[in-house]
Amino acid sequence: MNDNRSVKEKNLELKPSPEKVKIAAFLCKWCSYAGADLAGGSRKKYPPNVIVIRTSCSARTNPLFVWKSLEKGLDGVLVSGCHPGECHYSEGNYHTRRNFAVFRKLLEYIGIEPERFHMSWVSAAEGDKWAQVVKEVVKTVESAGPNTYFSKKKEDNA
Amino acid sequence: MKRLLKKEELNRLLLGLMKEYDVIAPIDEEGLILFRPVTKVEQVLWDYPNSLKPVKEFFLPPREVLFQFKRGKVQPANLSLKKRVIWGVRPCDARSLLLLDKVFLDSTQDVYYREKRKSTLLVGLSCNHPEKSCFCTSFASGPHHKEGMDLLIADLEEGIFLLESNSPEGEQLLKGRGKEVNKIDEKIRTKIKEKTERKIERKLKPSQFLERLTNGFDSSYWEKASRQCISCGICRYLCPTCHCFDIADEEGERVRFWDGCSFRNFTKMTSGENPRFGKRERFKQWYYHKFGYFKENHGVFLCVGCGRCLRNCPVKIDFSEVLQQLPAQAQTPAREG
Amino acid sequence: MENIYLPHSAIVKEIISETADIKTFRLTFEDERLQKSFTYLAGQFVEFSVYGVGEAPFCLASSPTRPGQIECTIKKMGKVTQAIHDLEVGDQVGIRGPYGNGFPLKELRGKNLVLVGGGIGLAPLRSLIQNVLDKRDEYGDVLIIYGAKSTEELVYQKELEEWENSPRVKMVLTVDPGGEDQKWQGEIGFVPTILEKVNPSPDNRMLITCGPPIMIRYVLLGATGEMGYRPQQIITTLEMKMKCGLGKCGRCNIGRVYICKDGPVFTYQQLKDLGNEF
Amino acid sequence: MLEQLRKKAKELLKNKEVEVIIGYQKSNNNSFTTPCFIESEDGVDRLTWDEHCVYNLSLYLKEVKGKVGIVAKGCDVKSIVALMQENQIDRDRIKIIALECQAQVDQEGQILEKCRTCQVHIPGMYDELVRSKTSPSKIESKESDKEYSVLEELEAKSTPERWQFWQRQFEKCIRCYACRQVCPLCYCSECISEKTAPQWILPSPSLKGNTTWNIVRAFHLAGRCIDCGECERVCPVNIPLRRLNKKMEKEIQTMFNYVPGLDSKKKPPLVDFRVDDPQEFIR
Amino acid sequence: MARIGVFVCHCGTNISATVDVKKVAEIAKGFPGVKFATDYRYMCSEPGQDLIQKMVKEHNLTRIVVAACSPSLHEKTFRTCTQNAGLNPYFFEMANIREQCSWVHDDREEATLKAIDIVKLATAKVGKNNPLQTTFIPVEKKVLIIGGGISGIQAAIDVAFNGFKAVIVEREPSIGGRMAMFDKTFPTLDCAACILTPKMVEVNQSDLIKLYTYSEVEEVSGYVGNFKVKIRRKARLVDENKCNGCGTCWQRCPVRLPSEFDMNLGKRKAIYVPFPQAVPNVPVIDQKHCLYINKKKCGICKKVCPFEAIDYEQEDEVIEEQFGAIIVATGFTMFDHSIYGEYGYGKYKNVTTGLHFERMLNSSGPTGGKIVRPSDGKEAKKVVFIQCVGSRDEARGMPYCSRLCCMYTAKQALLLKEHNPEAEAYVFYIDIRAAGKNYEEFVERVQDEYGATYLRGRVSKIFQRNGRLMVRGCDTLSGTQIEIDADLVVLATALIARPDAIKLAQMLHIPYDQNRLFTEAHPKLAPVETVTTGVFLTGACQSPKDIPDTVATASAASVKACGLLSHEKLPIDPQIARVDVEICSGCLACKEVCPFGAIEKEEIVDRVTQQKRWVAKVAPSLCNGCGACNTACRPGAIDLDGFTEEQIFGQIESLTADKGNER
C-alpha cells in the first residue's frame, strides 16, 4: 500500500481493540455470499470479527491467499462455498475441497494452529447455518489467540 | 611485530577480545561451519576446512535494510556498529575483502560497507590442511598470506602459534603477549608454509585467461561448458568476491539483498527484453566478469581461489576445468564435446 | 559521508500526459538548498523512487540550461511505472542522482547535429535539444528525425512545432506504416528508412540516436553503411536493467563497462570495442 | 552393466536414433561423478555407472532439444512420467536407457533414505533396460524403513514446536533457489517468486519471505513430487526439504490413493476430483 | 491512482440504525485513492444515482464505491449508473454494509468499525479494477420446456405466440400432467378436460412447438443463449408417424394392469394410452408386462395393427439440440402419507387421497363418475375429508402449506353432493386457506348451499369397528370429541417436489431449498427466474400452486424467455479468464480443471527464443468465469477479470494494513 499519501490523510484512527480477532472469509458469490445475505435478511446476529471477500467460486480461492492472509497478520481464515453438487460451475467446489484438504495438512505440518483455518459449505438458503458457522469459527479462532507468527521476534538481518 | 603464543595464551587473547569487542568466529552449527557471534571460547572451531558462507556476509549481508520510510519520512538505518573482531578468517577470505573494497570503496563510497569495514578487525588463521578444491596459490594468495588481515595466527603444531601483526590495530592486540620469535621458530614456520603450499595440487595458469576469454567470446565451447549448469545461485552467493545485489521495497523498508547473474530475471527488463536470456550467456557472464572485465578494470582477477564454488555446485561443475580448457583460438562450432 | 542510496524527497509539481501511457512529471526538491544546488548534464538519469513500491532509472528530459524543475518522461510498463502514473500533483517521491555520463557536449560544439529519436527515446534527446537551442550559436545546423508507432504515440507534440520554427532547425516526423491517421502530413515509414531517405551528409556532423534497441541497430547499420558516418561520429544510449546507478550491483555490466557508471551514452566506436556481447 | 550401457548408447548414436545422450561420467582428474552430454559414438566410453549417480538427469530434458537419449534410474523415470503428464516433453523424442539400481549413496557413503523405501529398483518405463547380472545384495533393512517413517518424529511434535522447528530451518535459507533449479518438475519459465504484481513472495531472504517461499514450493509440488531427493541434497544450508514434500506425498496417498510418477495417462491429483473425496474437515 | 468516490447509503434506517454512516464516510476520505466520500439516505433512488453522476463530473472521479446493500440486489443498477456517468461499468464496487453488517450486528461501535473495514476492502479492490468491455454471443432462437403439464403447455403456447420455437420434453407418454386427472376445477367448476384439451391440441398442431413425449432430459451443458441439451427419447415400441391412434391394438391386448393414471382404481392394457384425450394419441408398450417382450409370446398388437406401427426392436434414442433458454415446468408429486400410521392407509381400502376421489368424480374415470367405496364398490354416503395431511407438519420436515388443498377439498365436497344429494360431507381442517378471487365465497357456498360440515380439529385415529370405518377427531369450536362412521375417507395430501428434482437441479446448476423445491432468483423481484441466467421456473416445481397461479407463472416465464431470445446477440459477462502467454509454460493444469472445456492447447512462437511452444488459450464464449484455473495455475499465468489476483491481494493487504506489517 503506497504510504506516502498519508501526509494528506485525515485518518481519524478508530483503533480496533487489539484482542478482537480478525478473520477473512472467502465466500463464493453464488451460494455462501447469498447465504450470508439471507442471514442478514433474517436479522441473524453474529460476531463482527469476520470480513467477507467475495470470489467468483470457492475454487478461485487459491490456498496461497489463505497463507497470505495469515502471513500478513490475520488471526483466522474461513473459506466457504456451495455444497458439493450444487456448485454453480458444477465442479468448482470439488477442486476447492481437494486443494484445501492438502493445504491444511501443510499448514498444520509447518506449525499453524488448526484452529485458524476453517472451511464450510453454506448454500444460498442456509442463512442461519452461516450465522452458526461464523459464531463457531470466531470462538475457535479466539481460542487460538492473536496471530503472532511474524510479529513477535524482530527479524534479524545480520 | 611477531610473537609466539601457547594455546592457553591464545585463548586468553580471545577472551580479552570478547570483553572489548563483539567476537565472530567459526562454529559448527548442525554440521555447517558458519561464522557466528560467540561468547564462549569453547564454541570456537580450530581445525576446519573453510566456512560455508564467506566473511563477505558481514560486510555485504545477505539482506540489509538501507532505510525505512514511515508516513513519507525516510529514516536511514543506523550505521554505527559496535566494534567487532572476526576471528579465524582464512587468508583467501581476508584477501577477498580487499577485492570488494575496489568495488565498494571507490570514488562513490558505499557507506554501509565502509562503516562495517572500519569497525571490524580481522584475526586470521593460516591453513595447514587445505581442501583438494582449494587453489588460492593460483591467485596471488596462499595458505599463510596475511594480506588484508590485522593479525595472522600460524599454527606451528604442538600447541604453539606464531602471531604476526599486519596493521597498527593488530600490533596493539599483540603488545605484551607471548614470547619473542627466534630463528628456529621462523624456519619451522616457513617449512610448514611450503609444506601446505605443496599440498595444493590444483594449479591454474591465470595468465592466459584474459587473452583466451577475449577472443573466445563467441566460441561454441561455451555451449558445451554451460550445458551441465542448472543456473542456481549457490556459486554466486557462496563466492567471497561475488558482490551483485538487488534492491527492493519490502513492507516499509528498502532492502538490499544478494542476487546472482545466473538467474534469468537478473537482466530482464520490464519491456521483456533480456540481453542475457539463455543459460549460455548467463554462465559465461560469471567467467567474463571475474577474469575478463574486472582484470581489465582493476588489474587483478576477482577470485581468491577458496574453492567454495567447486565444493558446493549441485552438479559438480569444476570451474577451474572450464577455464583451463578454454580454447586458445575461436572454436568452430559442433566439435566433439 | 553522503549515503548514495538515500533518495532526496521531491514533490510532483505538474503532470503532463503526453500519450495514453506516457506522462511527463515536473518535480522540485523539497529542500530549497538542494533545489538550487542540483546540477546535471543532458543525457544523465536519476533513480526515481516511489516509497513502498520500488525504484527505477529514468533519463532527465529537462535541460540544465533551464533551471527550476527537473522533468522525467515515463511510460507505464511495470510495477514502479504503474505506481508513478498513479501519482497526483503534490505527491512526494524520492530522487537520487544524477547518474551516468551524459552527452559529450564538448565534441558536439561547433558541429552540425542530426538527432534520431524513436518513441519515448525522444526524452533524453529533448534535454539535448533544449540545451542546444539555449546555446544556439555554439552548434551548427540541427536536423531532428523523430518517429513513433502511431500519431497518438508522438510525445512533446507542442514543443515539436516550437523546435521546427527555431533557427537553423529542420524537423522530419514519421510514423510506422499503418500508424498514420487522415490528418497526418508527415512521413510514413520506420525511422531508419526515413533517416536514409533524408541522408544528411556526414561531414562535420554528429549523429545522436535514442530509441528501442531494434531501431538503434538499424540506424547504426544505415549510418555507417552508405551514409558514410564513422563510428566516432555516432552517439547512442544503451538501454539496460539498472538498480544502484553506481556500478556496484553488477546488473548493467556489459563488457568492461557498467552502463550506469560509464554510460548510458556511448559512441558507436566505444560499443564496438566492448566486444560483441552488445 | 556398464558395458551393456555403453553398447546400447553406442547403438542409439550410431543409427541416429538420438542426437545426444545425457548420462553420468567420472570427471577426469577427481573422483566426482557428474552429468554429461555425449554427442558422438566414441564419446560413449566416458559413460559410467556406480552408486554415486545421484543426479536426476530428467531436469535437462526440457532444455535439450531434438532426439535425446537419457540414462535413468527408477526415480528418474518417475519424473519423466510426471513431465509427460504435464505436457512438458513428448515421449517419442526421448529414448530412455533405464538401469536397474539398488541404491545410491551420499558423500559419506551412506545409503540415501529414499533408496531404503524405493519400489522402483527396476524402472517402470524404458526403451532399453540394463539389468545387473549379479543378484542384488539385500540392503539390510532398518526399522525406519517404513514408507513415511521419516515424518514420524516431526509429526509427533506439538504445533508450536513444529512452528519453531520450521522457522529455525527457514531462517537459514539464503534463497539461492537451487532446490527449484534442480527439480525436474519446477519447469515454469517464470516462477511465481519472480512475480511483482502482486508480490506473492518477498524477494529478500527475510524470515517471512523464506517461510512463504518454502510453503509455496511445497504446495506447488504436492501430488507431483516423485521424491528423487535432489532438492534436499543440493540445499547448501541443509534444510530437510524432502520432509516437506514427503508429507504432501503421504497425505495425498492416504486421502486420494494417488502415487505420482507411475501412470502418464492419469491426471495429477490436484487437477482431478472424485465426488466422494474426504470432507470431514468442512463444516 | 484511481480517483475513488465513496457513497455510503443510509438505506432509510436499515444501515444508519446500527452503522454511523457519517463516520464511515469521514474515515473513507482517508483511504488511499479516495477523493470524495459522502453519505445519502437512498443511494439506489433516482436522486441517489444523480448524486453519483454529479460528483463524478465535479471531482472527475474514475472509480465508484457504493456502501449499501448486497451486490445481488443493486450491482446491476449501479453499474448502469456508473456507465451513464461516463465510466466503464466495471469501475464500480459494492460494499455490502447492510446484509453483512448493519443487519447482523447490534453494537453500534463494532458495526461501524466493520463497515469501515468493508468499505476499505471495496476501495482497495476498485482501485485495481480493469476496464472490461462486454462481449456478445449469438442466441439460439428456441426454448426448451421441461415438463408437459398445464404450466409447460401454457409456456409453449406463449412462446410460440411470440414467434419462437419451443420443444416440450414430457416424461409420460402424453402431455397433460396432473390437470388431465382432474374432473372439475375450482372455483368456476369448469371441466378440467374441457379447458385443457384444446390447449393440448393447439400445442400438438402448432408448427413452432415440437413434442418429445415419453422422453427425459439427460444432459445440459453450455450457457444462456447456447444451451446444448441431450434428450433421451425412450422407446415406445410404437412408430409415432405411422400410428393414428385407432385403438385396435389396446382393445385386443390380453394383458390387464392397474392404471397409474386412474390411481390404480381402473385398469389399462400392456399397450395403452393413459387417458382417452391423450396427446399424442399414440400408445406405448409397457415393456415390463408385455408378454411378447418378456416371454416372446402373444404379439397380437403387431398382428392387428392396420398400419404396422408396432416395432418391438425400437431402441432408446438420444438426440442433442441447441436452446437459447430453458423453462422448468416439472410440476409436483403427492406426499407419501403412509408414514401417518394413524390414518391406516394400506390397512383400510376406503382411506384414499384427493387424486383418487378426483378420478372417481371423473365421468371418463374408472367408476364412471360414481363415488364408491373401493373396498366393495358400494356407493359412499358418508365421506370424511381430512385437510393438511403432510402439509404444515414441522415434525415430518414439511413446514409449508400446500396452498390449494382447502379449495379442491371444498370443490370435492360440493361435487359429492351434486353426484348424490343424500351424501354427507365432513371436512376436518385446521385453517381454511381460501385467499384467491371468489375462493372464500366458494367455500361459504359449499357449507351453506351444499351443507358440508366443517369441523375445526385434527383427526386422531381411523379404525375399524364392527365392519364400519370410524374416524375419531375433535371439534375445537364446540370442544367435543367426534366419531364419524364413514364410508370413505379422503386425505388432502401435501404437494411436494419430484423425487429426482435434485438431479435435474444439478444438471441445470440451479439452486434448490431444503424442501427440494427449485429456488427462484428473488422471491419478490424475480419469482420466475433463477440465478442461472437463461433458466426459468414455472408451476409447482418452484412451490405448490393452483392452476390460475401456474398459468400466470407459465406466461411470465415464457415472456422472460422470449425477452432473451428477442436479442440478436446476448451480452456475456466479461469477467472471464485471460492467459499471459509470456508466463504460461503449457502444463495445461487449467485445461484439466475447467468445468466448461473453455481452455484449449495452442502452439505459439516464443517472442524471445523464436521457438514453437504450447500455451493455454481461453475461448471467451465458453468461459463462465469460475476461476478454478487461476488456482491450478502455479506461475499465475491465467487471471480472472473481476476477481484478479491483484484485486484479492489488495483486499487482503487493506484488511491487514493496521496489523503492524506496515512499519
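Numbers restart at 1 for each chain; the letters A, B, ... are given by sequence-line order, proteins then strands. Just the heavy atoms: all of them, side chains too, but no hydrogens, waters or symmetry mates, feed the values below.
Within a 6.0 Å sphere centred on CG of D/Asp90, heavy atoms belonging to other residues, nucleotides or ligands number more than 12.
The aromatic ring centroids of A/Phe150 and D/Trp163 lie less than 6.0 Å from each other.
Most heavy-atom pairs under 4.5 Å with chain A: of the set D/Ile252, D/Thr211, D/Ile215, this distinction falls to D/Ile215. Among the candidates D/Arg243, D/Gln279, D/Gln169, the residue making the largest number of heavy-atom pairs closer than 4.5 Å to chain A is D/Gln279. With chain A as partner, the option from D/Met248, D/Lys247, D/Arg274 having the largest number of non-hydrogen pairs under 4.5 angstrom is D/Lys247.
Using modelled atom types, one side-chain atom of D/Arg162 and one backbone atom of A/Glu108 make a donor-acceptor pair closer than 3.5 Å.
The shortest distance between side-chain heavy atoms of D/Arg283 and A/Val137 falls below 4.5 Å. Proximity of A/Ile112 to D/Thr159: side-chain heavy atoms (C-beta onward) are nowhere separated by under 4.5 Å. Contact annotation: the side chain of D/Val216 never approaches that of A/Trp67 to less than 4.5 Å [non-hydrogen atoms, C-beta and beyond]. The shortest distance between side-chain heavy atoms of A/Tyr109 and D/Leu244 falls below 4.5 Å.
With a threshold of 4.5 angstrom between heavy atoms, D/Asp272 approaches chain A through its backbone and through its side chain. Both the backbone and the side chain of D/Val275 come within contact range of chain A, with heavy atoms under 4.5 Å apart. Contacts between D/Leu270 and chain A at a heavy-atom distance below 4.5 Å involve backbone atoms as well as side-chain atoms. Only the side chain of D/Glu280 comes within contact range of chain A, with at least one heavy atom under 4.5 Å from a heavy atom of that chain. Residue contact with chain A, scored on non-hydrogen atoms closer than 4.5 Å, involves the backbone and the side chain of D/Pro269 alike. Looking at D/Trp166, the atoms closer than 4.5 Å to chain A (heavy atoms on both sides) all sit in the side chain, from C-beta outward.
A salt bridge is defined here as a Lys NZ or Arg NE, NH1 or NH2 lying under 4.0 Å from an Asp or Glu carboxylate O, and D/Lys208 with A/Glu71 fails to meet this definition.
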From CA spacing to verdict: side-chain contact (heavy atoms from CB on, under 4.5 Å), A/Leu64, D/Ile192: CA-CA 11 Å; A/Leu64 299 179; D/Ile192 189 172; 4.3 Å; yes

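Close approach to chain D, defined as a heavy atom under 4.5 Å from one of its heavy atoms, is seen in no residue of residues 33-50 of chain A. Of residues 96-106 of chain A, those residues lying under 4.5 Å from chain D by any heavy-atom pair are A/Arg97, A/Arg98, A/Asn99, A/Phe100, A/Ala101, A/Val102, A/Phe103, A/Arg104, A/Lys105, A/Leu106.
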